[in-house]
Number of protein chains: 4
Amino acid sequence: MARKPPTNPRKNASQARSRATVDALIEATARILVREGFEKASTNRIAEIAGVSVGSLYQYFPSKEALVAAVIDRHNDEIMTVVRAAFAEVADMPIEKAVRRLVTVAIEAHHIDPDLHRVLAEQIPRIGQLKDVEASNREVHALVRAYLESHRKEMRRIDPDLAAFICVSAIEAVAHNTVLNGAEMLSEKTVRTLVDETTRMVVGYLR
Amino acid sequence: MARKPPTNPRKNASQARSRATVDALIEATARILVREGFEKASTNRIAEIAGVSVGSLYQYFPSKEALVAAVIDRHNDEIMTVVRAAFAEVADMPIEKAVRRLVTVAIEAHHIDPDLHRVLAEQIPRIGQLKDVEASNREVHALVRAYLESHRKEMRRIDPDLAAFICVSAIEAVAHNTVLNGAEMLSEKTVRTLVDETTRMVVGYLR
Amino acid sequence: MARKPPTNPRKNASQARSRATVDALIEATARILVREGFEKASTNRIAEIAGVSVGSLYQYFPSKEALVAAVIDRHNDEIMTVVRAAFAEVADMPIEKAVRRLVTVAIEAHHIDPDLHRVLAEQIPRIGQLKDVEASNREVHALVRAYLESHRKEMRRIDPDLAAFICVSAIEAVAHNTVLNGAEMLSEKTVRTLVDETTRMVVGYLR
Amino acid sequence: MARKPPTNPRKNASQARSRATVDALIEATARILVREGFEKASTNRIAEIAGVSVGSLYQYFPSKEALVAAVIDRHNDEIMTVVRAAFAEVADMPIEKAVRRLVTVAIEAHHIDPDLHRVLAEQIPRIGQLKDVEASNREVHALVRAYLESHRKEMRRIDPDLAAFICVSAIEAVAHNTVLNGAEMLSEKTVRTLVDETTRMVVGYLR
DNA sequence: GATGAATGAGATTTCATTCAT
DNA sequence: CATGAATGAAATCTCATTCAT
């Protein structure tokens, strides 16, 4: 049986403190981005809102970009968690049910923190190449492609990469544009109609 | 009957000069945006590249944003010219032919100055609400809607606004993502396939 | 006969203005260096003392280092002007008279703005490789060497580079250490003794 | 007979540890100074290289300046140890032999850790008035003066302070400039010639 | 004592904009 | 109208130092 490691309160304490600082900084950045826009998000202001000194900010993030990137990543992770779950759930469903579910999730996912989503989409000059976002894009593409391949029998003959590209583009565009407009105030019914129509388009295309 | 203005060479000369200055400034801005990115596009640098003094820049544009907006507008206008022509051309075509044409044009339009297009899409923190772009979006929506309404007989019953929203989203997304990837080097054949598939999806959806 | 160029008051005016700004900045830097030390010489403070905005400072000097380097260069130029004149004056003098004159000039030259000289010697982390200073060192070496070569008959056989190295080192050291101590308050008599002794040493060495 | 201190392992251990920490800090400072220059020598970095926390650094040194001063002092002590030994050795030698030895030692002493020597000479804004260095200067002056006085019979009549000033200046300058140039790569022969010449100059001057 | 997270004053530098010429 | 020197607010980032654990 493994010897229990000695509880190391010192280190734990400081790790917890570090973690809290990092979280506060990311959270503060997100808040400012949403409430005051990218322009107003200076590092001093972010630190101030986070209740932390600028020095601490630079202890954990090498630059302002890194901080914004962290916000984007966090948002991205939240979306991807939902998306991955949806694909797991959908794996064995027949095409129509699966697409409906995925469209629904796409719209829901784009509605996670919709204000932040909008700011990130509209106001942030793309940082670096946003590797994590690109990775997510590729992952989604791969997930769709995998689904299409394993359900090939339900569809017409079709190049899976091409089909994945088109489906992802279409579904994301609908979800995206939905948020960019007055996303929050969509009625249940409208959303359902949107889902119906998008599903019809995609399924029709694949069959 | 319009009163013919007296030939006023002085004024014409200076009008022509003004126009040239304005163009040079917009062009310089576009070039810097493409070649060096948004960060490097300072007003002093823009003026320098345009071969004009900063003072003159501010004679014609009240702010840096106005200048970037002018670039966006110019690009937007070019696209809209092509797009409007396409809709005129397509007005009486049957649905399949029309959609194919529109999809083709959408992709072509996104390939007008693709580098600039990419920079504008990726790097520019949206200025104001970009009224002209939004107006264009609405115009496109209206044009699609109008086409759908006047060809209603070729389609299933469907809410024209909703259908326009979905079609525009899907078509634009495909065109957009196509540029954002290695747009320039797409083979004829790949483009045709892309057009075929997108057309199939949209037509299938409308019928 | 050449057409007289049109007096261009605009450009002259602005050139004069630029020049005045540059001078004010160098002067302000020197003053702060002397009065408050290197540590206190921030760019904002320099600009303030120069009666100019920081922006202007950076219009003319790319960095704080460049500014300090300009001060050093200016001081160096003043010294070199005196030194070059001395060598011209001394060219045809016999060795003893020449050395005496050069030692005198060396001490005098190190006494040009002695406070500044001390600060530059003691407090300034050498910037870049201080190319102008190194160039001056080489020039002095070359001047001494040239003198020695053309007066070879008055001396023992000796490697001119080596001799120049030793003579320059010795003379400069005396002058330098003289300033670093309570330079300003040296009596006429003390200086004369210093010159006598140094001359004796150097001449004795060369003969 | 000295009272033997009671072996106090606890205290000795901690004294030894303290001493080790202090040494590590001084050593780390010197290394960074040499390898990365004064600019890069931040206290955090020094502590890191020393394998110690910043907090500990401040346990032993009240400020960054104190740390740099300690480096200077250590280097100075090493030089002075050599120099003092040389003067002891030389005390009864006749003037020529003595000077030759002292010049040799001066050059050798300036070659102790020549990289560090160069950095200290070129890059460090003098700290405080560097009391230890000034004390060393005075000590050297006194040693030379004492030698001169006790060997007065071998020389012409001469003010010992003045002569000491001149001799020290000259010898140090040669040694110093030798290091500042490509000191490391001096051939045996070159060094000997340098020593010969400098000796000749100084002895010639004193006689 | 030791640790290292936190501090925050302050330094350098940029750049949209103005305005005297 | 054009010019471009000048402005100065503001942004990013560093680093010597402190102090709770």
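Lettering follows sequence order; numbering is per chain, from 1. Heavy atoms only: backbone and side chains are in, while hydrogens, waters and symmetry mates are out.
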Nearest whole angstrom, please: distance from the [atom2] of [N] to the [atom1] of [X].
{"X": "C:Leu25", "N": "E:dT12", "atom1": "CG", "atom2": "P", "value": "14 Å"}
{"X": "A:Glu39", "N": "F:dA9", "atom1": "CD", "atom2": "P", "value": "19 Å"}
{"X": "C:Gln59", "N": "E:dT18", "atom1": "CD", "atom2": "C1'", "value": "13 Å"}
{"X": "B:Glu48", "N": "E:dT17", "atom1": "CD", "atom2": "P", "value": "18 Å"}
{"X": "B:Leu57", "N": "F:dC1", "atom1": "CG", "atom2": "C1'", "value": "14 Å"}
{"X": "B:Ile32", "N": "E:dC15", "atom1": "CD1", "atom2": "C1'", "value": "13 Å"}
{"X": "C:Arg45", "N": "F:dG8", "atom1": "CZ", "atom2": "P", "value": "17 Å"}
{"X": "C:Ile46", "N": "E:dA11", "atom1": "CD1", "atom2": "C1'", "value": "11 Å"}

**Q.** CZ (B:Arg74) with more than 12 external heavy atoms under 6.0 Å
**A.** yes

Q. Looking only at heavy atoms, what is the nearest atom pair of A:Ile46 and A:Ala28, with distance?
A. O-CB, 3.6 Å

Q. What closest approach, in Å, do C:Ala66 and C:Pro62 show between heavy atoms, and which atom pair accounts for it?
A.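 That closest heavy-atom pairing would be CB-CD, 3.5 Å.
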
Q: Using a 4.0 Å heavy-atom cut-off across all strands, classify D:Ser42 as base, sugar-phosphate, or nothing.
A: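 Result for D:Ser42 = sugar-phosphate.
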
Q: Remember a base hit wins even if backbone is also touched, and classify C:Phe61 as base, sugar-phosphate or nothing at under 4.0 Å, heavy atoms.
A: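 Since no nucleic acid heavy atom lies under 4.0 Å of C:Phe61, the category is nothing.
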
Q: With the side chain counted from C-beta on, respond yes when B:Val71 and B:Leu116 share a heavy-atom pair under 4.5 Å apart, and no when they do not.
A: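 Result yes, sub-4.5 Å side-chain heavy-atom pair found.
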
Tell me whether the side-chain N/O atoms of [X] come closer than 4.0 Å to OP1 or OP2 in [N].
{"X": "B:Thr43", "N": "E:dC15", "answer": "no"}
{"X": "C:Ser56", "N": "F:dT7", "answer": "yes"}
{"X": "A:Tyr58", "N": "E:dT7", "answer": "no"}
{"X": "C:Thr21", "N": "F:dA5", "answer": "no"}
{"X": "A:Ser53", "N": "E:dT7", "answer": "yes"}

Q. If you pin A:Gly55 and A:Ala41 to their nearest nucleotides in DNA chain F, which one's is more 5'?
A. A:Ala41

Q. In the structure shown, which nucleotide is the Watson-Crick or G-U wobble counterpart of F:dC13, with both distances under 3.5 Å?
A. E:dG10

Q.
Taking pairing as Watson-Crick or G-U wobble with both contacts under 3.5 Å, can you name the mate of F:dA2, or confirm there isn't one?
A. E:dT21

Q: Tell me which nucleotide among F:dA2, F:dA5, E:dG8 gets nearest to the side chain of A:Val54.
A: E:dG8

Q: Side chain of C:Ser63 only, please: which of F:dC1, E:dT17, E:dT13 is the nearest?
A: E:dT13

Q. Taking 4.0 angstrom as the limit, do C:Arg31 and C:Glu36 come out as a salt bridge?
A. no

Q | Residue mapping more 5' on DNA chain E - nearest nucleotide basis, C:Asn44 or A:Val52 | A | A:Val52

Q) Does a donor on one side chain and an acceptor on the other come within less than 3.5 Å for B:Ser18 and B:Tyr60? A) yes

